[in-house]
Asker: 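This is the structure, below, for whatever I ask next.
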Amino acid sequence: MTLWILCLPLLVLMAAAVLALYQDTEWRKSALRDRLTIAAELQAPVLAHALMEEEGQRLESTAHRLLNIEEARGVGLYTDTGMTILELGRARAQVALAPPQETRLDTRGDLWRLLVPLGLGENNDATAGQVWLEIDIDTRALTLGHYRRLASAGLGLLILGLLLFVLASSLGRRLDANLNDAAEALRRLRNGDLHARLAENGPPELRRLAWHVNALGDELEHSRDNMQRQIEQTTADLQESMETIEIKNIELDLAHRRALEANRVKSEFLASMSHEIRTPLNGIVGFCRLLGRSRLEPRQREWLDQVQVACDNLLALVNDVLDFSRMEAGRLELDRAELDMVALIDEALGLQAPLAHQKGLHLLGLVYDDVPSPLRGDPLRIRQVLTNLIHNALKFTDQGDVIVRVMVDEVAGHGQVLLRISISDTGVGLTPQEQNELFQAFRQATPGHPRQYGGSGLGLAISRQLVEQMGGRLSVESAPSQGSTFSFTLPLDVVGGVEMAPQRILDGERVALYEPHAPTRHALNHLLTRWGAQVLEVPHPEVPAPPPNLLVAGLPTVLSETVIEEWQTRLDTCPCPALLLVNATPLELPNLTLPMGGEILCKPLSRQLLADSLRRCGSPQAASRKPRSGTRLLIVDDNASNRRLLRELLQRPGLSIEEAGSGQEAMALAESEPFDLVLMDIRMPGMDGVETTRALRSLGKHWAHCPIIAVTAHALEDDRQQLLDSGLQEVLIKPVDSIELEAILQRHLRIAPPPRLESDAPKGSEPAASGELAVVDMALGTRLANGNESLARELLGELANSLTSSASELRSALATGEEGPLLDAVHSLNGACRYCGAPELALVAETLETRIRSRGTTDIASLVDELFRAMDRLQAWHAQQQGQPSSTTIASANSFSSLNDK
C-alpha cells in the first residue's frame, strides 16, 4: 500500500511534468523560429533594395538592426560566386555551399543558422548572381531555461514524494499493526487456540475484518466441539464394529478352514473313489476279455463288445477324474528327467497309430532341426498331453491328416529353451464360442459331441493345467469345417548341445522318393537329404533311369487286391531295393515280395526305425542283403508254461529266443551277451521283474537302451505307471494278445508277423451248464496257443499237474494269514491260467487277485472255496482225459475245507 500511495502519484506527476516541460520547450523553440523568420523576411527586401541601390550605409544599418535581436550573434550577406558582401559578429563564418531557394532555418545544435534568399531582379548590376542572408542565432538561453524549469519540477516532485512517503508510511504502520494482529489471531486459530479474538475498533474495514476473524474462531470452536462429539460417537461405533468384524473374521477363518478341509476331503474322496471304481473296472475288463475267448453266439459277442467299449470309456473317465482330483488337491508332482523330443513324439504317434489306421488318416510328426537334445523335463506328463491332443485330433477328423510339429519358439538364457508344440488337423473345427468353452471341465464343444465322439470333457482341462504347471501355455486356433490347431509352449532345460547334429546314414546314395501325401513327402525329402542322400522326387511309382540305389515309396491308404497286384508287378521289375511305407497296422501289412531286398514299414514312421531301415537297405550292397536275422530275444518268467507259450507265439525264422526262470538267471545270461528285446515277468520269487530291470539297466552300454517289456497278469493303472517309471518301455497283460505282441516286435525290432494259418476249432471242450463258463475250452486254448492244438493240450496238462503244488502254496499262505505270500500264490496261478483253455479257473483266479489287491484278505473265503472247486473240476477233467482217478485233487479240497473249518 505504501508503494502504491508513494509511487503511483509520483509517476503520474512525473509523466505530466515531463510532458508539460517538453511542450513548453517546443513552444518556445517554435516561437523563436517564427519571430526570427518574420524579422529576417521583413528586413530581406530592405537589404535587397540597399544592394541594388548600392547604399552601403543603409545596408550596414539594416544589418545592425538584425544583429540587435537578442538571440542573434552574427549577420552575413553572401553571393553564389563566393563573395562576402557583409559580415557582422560572425567569429567563424559557415557559409552555405549553395544559395537557398527559400527561407531555411538550420536548428542543429545550440547555434542555429537562418538562411534567407534576397530577390535582386534581373537588372542587378551591383552583384552578379544570387545573394542570400545568413543569421547566427544563439539558443543556449532557451536550453538553460529548459533545464531551470526541469530542475524546478524535479524539486517539486521530490518535495511531493517526501510528503506522500510520510503519509503512506503512517498509514502503512497503522494498517500493518492491525493486519499483524489479524495474522497472529489466524495463526493461533490454526494451531488450535480457538479462544484467540481481535478487538473490534478502528476504521470500519478493520472492524469488519476483526468481526469475521472472531466469527471464524467461534465457528471453529463450535465445529471442534461437534467433531469431538462425532469422533467419540464414531469411535464407539467403530469399536463395536471392530468387535463384530473380529468375530466375523474368526467365523470366516473357521469357515475357510472347513472349506479347505472339505475340498481336501472331496479331492481325496474323488481320488479314492476313482481308484476304487477303477479297480473293479479293470476286473470287469479282464473278465470281458476272458469271456470273449469263450464260445459265444454272434449276438452275445456283439453285446460283449458293447460292454467292452462302455468299460473302456468309463475307465478313461475315471482316469481323467483321478488326474483332475490330484491336480485340484495339489498332489501332482512333476518329474525332472532327460528326454528326447524325437523319441517322445514317435512314441505318442505310435500309441495313436491304430486309430489313424482305422480311419484312414495320415499321422505325421515333424521335429525341427533346431530342437536340442537331450532336454530335461517331465516326459510322462508331456506324453500325456501329447496323447490327449493327438487322440482328440484323430477323433474329430474323418479325412485328411493330423500333423504334430515341434519347434523352438525362443532360446532363453541359463541353458533353457522354449519349445512350441502344435497339433493341427483337418477335422470339424470350432466356432469362437466353442473355443471359449473348450477348456472347461466336463465340457465339450457341442452337446452332441459326447454322444457322437465319446469322451468325458476332462482331457483338455487336464492338459491345460498340466501345461500351465510345467510353465507353458495351451491355446487353440480353429474355424468351422477348416480344422483346428492346438499348440502349447514348454520351457525345458537344455542338457546337451544347442542343436542336434545331423546323422550321416547314407553316403551320397541316390534315393527315388514317391509319396502321394505332400507333408510326408516333404518331411522324408528333408530327412533323407539331411542324412546324406541325393533325393529325386518322382510323380509316379516307376523307377527312373538310371536306376537309383533305393526306392522309398508310400503305398495308397486303401489296399485292394488290384492295387497289391500292381505293386507286386512293379516290385518284380524294380532294379533296386525298396522301402515301402504303408498306412496300416503290422498285422494288416500287404503280402508283397521284395526281390531286390528292402522292408515294409508302418506309418507313422519313427525316425529311429527309418534310420535303421535305411542303414540296412540304403548301401550299394543292399540288393544282395537278406532281411534282418540273428535277432536275440529273452523271455524271463518263473512259470515254464508261460515261457513255452511265449516262445511259441514268438517263434519265426531269424529270431533266437532264450529263456530265464528267474531274475538271477536273466542277469547271468545278460552278462554273457546282449539281447535285442526282453519280455519280463513282474512277480517272481527272489528278484522280481522291477529289480531285474534295474539291475539290467545298471550294466550300461547296450542294456541302457534295450527295450524291456513288462508281462504281468494283473496291472492297475497306478501299477502300470510305476512299471513305466521303473525303466520298462511297455506293459503287456496276460494272456498276451498276439496283435499287441506283433506290434511290439514291429515297433522295437522291425520284425514282420508270420503268415496267419487258419485252423478248425478243436474238439474236446468240456461243456458247461447254461450261463456258466466251461471248465475246459480247447478252442480258446488253441487260439491262445497260436493255433497249435497239441501245444494247447500240453499247456493244459502242465497246468493241471501244477495245481497240487499251487494248492499247497495257497494253504500255506492262508495258514500264515499274510497278504503278500497269498497274493504271490494267487498271482502265479492266475498267470498260469492266462495261456490255457481253462476259462472257469482263470476267471476265479482273476477275481480273487483283484479282490486281494483292492480290499486285502477280508471276506475272501467264498472266493477261495470257489477257486479250490474250480481247481478240483479241472483236475477231475484232466484225470478223466488221462483215464485215472482224481484222488489227489479231492484230498486237496478236503484239506482246505478242514483248514477252513478250523
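Excluded from the calculations below are hydrogen atoms, water molecules and symmetry mates; all remaining heavy atoms, backbone and side chain alike, are included. From a predicted model like this one, the values you see are computed outputs, not experimental measurements.
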Asker: Kindly indicate whether the side chain of M596, heavy atoms from C-beta on, has any atom under 4.5 Å from the side chain of L551.
Answerer: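 They are not in side-chain contact.
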Asker: Are side-chain heavy atoms of L361 and D425 found at a separation under 4.5 Å?
Answerer: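 Side chain of L361 against side chain of D425, heavy atoms only: no contact under 4.5 Å found.
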Asker: Using 0.5 Å steps for rounding, measure from the CG atom of L389 to the CZ atom of R464.
Answerer: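 The CG atom of L389 sits 12.0 Å away from the CZ atom of R464.
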Asker: Counting C-beta onward and ignoring hydrogens, is there a side-chain heavy-atom pair between L363 and K603 closer than 4.5 Å?
Answerer: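 They are not in side-chain contact.
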Asker: Is there side-chain contact between L646 and E659, with at least one heavy-atom pair below 4.5 Å?
Answerer: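 No, side chains not in contact.
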Asker: So, the side chain of R381 versus the backbone of V467: is there a donor-acceptor pair under 3.5 Å, distance only?
Answerer: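 Not confirmed, R381 side chain does not pair with V467 backbone.
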Asker: Is there a side chain to side chain contact (heavy atoms under 4.5 Å, CB included) between V636 and D681 once you walk through the steps?
Answerer: CA-CA 6 Å; V636 184; D681 187 28; 5.7 Å; no
Asker: Indicate the atoms forming the closest heavy-atom contact of V371 with M407, along with that distance.
Answerer: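 Nearest pair, atom of V371 first, then M407: CG2-CA, 4.0 Å.
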Asker: If we only count heavy atoms from C-beta on, is the C602 to L609 side-chain gap below 4.5 Å?
Answerer: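 In short, these two side chains do not touch, never coming nearer than 4.5 Å.
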Asker: Nearest 0.5 Å, please: how far is CG in L349 from CD1 in I403?
Answerer: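 Between atom CD1 of I403 and atom CG of L349 there are 11.0 Å.
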Asker: What pair of heavy atoms forms the shortest contact from A533 to V511, and how long is it?
Answerer: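 Nearest pair, atom of A533 first, then V511: CB-CG2, 3.8 Å.
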Asker: Is a side-chain donor or acceptor of R521 paired with a backbone partner of L513 at a separation under 3.5 angstrom?
Answerer: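 No; judged by distance alone, with no hydrogens or angles, the pair does not exist.
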Asker: So if I apply the side-chain contact (heavy atoms from CB on, under 4.5 Å) rule between L655 and each of L633, L677, D676, which one comes out positive?
Answerer: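 Between L655 and the candidates, side-chain contact (heavy atoms from CB on, under 4.5 Å) is satisfied uniquely by L633.
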Asker: Quick one: do N392 and F486 satisfy side chain to side chain contact (heavy atoms under 4.5 Å, CB included)? Show the steps, please.
Answerer: CA-CA 10 Å; N392 283 347; F486 287 82; 6.0 Å; no
Asker: Walk me through whether E509 and L550 qualify under side chain to side chain contact (heavy atoms under 4.5 Å, CB included).
Answerer: CA-CA 8 Å; E509 284 91 344; L550 178 66; over 6 Å; no
Asker: Just so I know, are the side chains of R405 and S422 near enough to count as touching, which here means a heavy-atom distance under 4.5 Å?
Answerer: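 R405 reaches S422 side chain to side chain.
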Asker: Check R376 with D493, please: is the shortest side-chain N to carboxylate O separation under 4.0 Å?
Answerer: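 A salt bridge is absent here (no side-chain N lies under 4.0 Å from a carboxylate O).
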Asker: Within a strict 4.5 Å, meaning less than it, do heavy atoms of the T693 and V678 side chains meet?
Answerer: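 Heavy-atom side-chain distance check fails, nothing below 4.5 Å.
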Asker: Using the salt bridge (charged side-chain N to carboxylate O under 4.0 Å, His left out) criterion, which residues pair with D507? Sequence neighbours excluded.
Answerer: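 Salt bridge (charged side-chain N to carboxylate O under 4.0 Å, His left out) check on D507 returns nothing, list empty.
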Asker: Quick one: closest heavy-atom pair of A512 and P548, and the distance?
Answerer: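 That closest heavy-atom pairing would be CB-CG, 3.7 Å.
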Asker: Roughly how far apart are S613 OG and L579 CG, rounded to 0.5 Å?
Answerer: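 Here the interatomic distance stands at 5.5 Å.
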Asker: Which residue in the set L723, I708, L351, I709 passes side-chain contact (heavy atoms from CB on, under 4.5 Å) when paired with E730?
Answerer: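 Result: among L723, I708, L351, I709, I709 is the only option passing the side-chain contact (heavy atoms from CB on, under 4.5 Å) with E730.
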Asker: What distance separates Q664 CD from T692 OG1, expressed to the nearest 0.5 Å?
Answerer: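 Taking CD in Q664 and OG1 in T692, the distance rounds to 7.0 Å.
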Asker: Could you tell me whether a side-chain N or O of R697 sits under 3.5 Å from a main-chain N or O of W703, the two making a donor and an acceptor?
Answerer: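 Present.
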Asker: Sub-3.5 Å donor-acceptor pair from the side chain of R607 to the main-chain atoms of V367, do we have one?
Answerer: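 Confirmed, R607 side chain pairs with V367 backbone.
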Asker: Please tell me whether E515 and T520 have a donor and an acceptor in their side chains that are separated by less than 3.5 angstrom.
Answerer: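 Judged by distance alone, the side chains do not pair up.
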Asker: Roughly how far apart are D409 CG and F488 CZ, rounded to 0.5 Å?
Answerer: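 Reported to 0.5 Å precision, the distance equals 12.5 Å.
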Asker: Under the side chain to side chain contact (heavy atoms under 4.5 Å, CB included) rule, what do L344 and R383 come out as? Steps first, then yes or no, please.
Answerer: CA-CA 7 Å; L344 201 61; R383 186 188 302 111; 3.8 Å; yes
Asker: Provide the closest heavy-atom pair for L696 versus A670 in the form atom of the first, atom of the second, distance.
Answerer: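 Heavy atoms only, the tightest pair is CD2-CB, 3.3 Å.
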Asker: Under 3.5 Å, is there a donor-acceptor pair between the N583 and H517 side chains?
Answerer: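 H517 and N583 do not have a side-chain donor-acceptor pair below 3.5 Å.
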Asker: To check you understand the geometry: which heavy-atom pair defines the closest contact between D638 and R643, and what is its length?
Answerer: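 D638 and R643 have their closest heavy atoms at C-NH1, 3.6 Å.
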Asker: Pick out which of L366, I421, D346, L364 makes a side-chain contact (heavy atoms from CB on, under 4.5 Å) with V404.
Answerer: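 Checked L366, I421, D346, L364 against V404; only one passes side-chain contact (heavy atoms from CB on, under 4.5 Å): I421.
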Asker: From D340 CG over to I345 CD1, what is the distance, rounded to the nearest 0.5 angstrom?
Answerer: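 D340 CG to I345 CD1: 10.0 Å, rounded to 0.5 Å.
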Asker: Answer yes or no: is there a side-chain heavy-atom contact under 4.5 Å between L524 and L605?
Answerer: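 Sidechains of L605 and L524: in contact.
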Asker: Search all heavy atoms of A578 against all heavy atoms of L594 and return the closest pair with its distance.
Answerer: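 That would be O-CD1, 4.0 Å.
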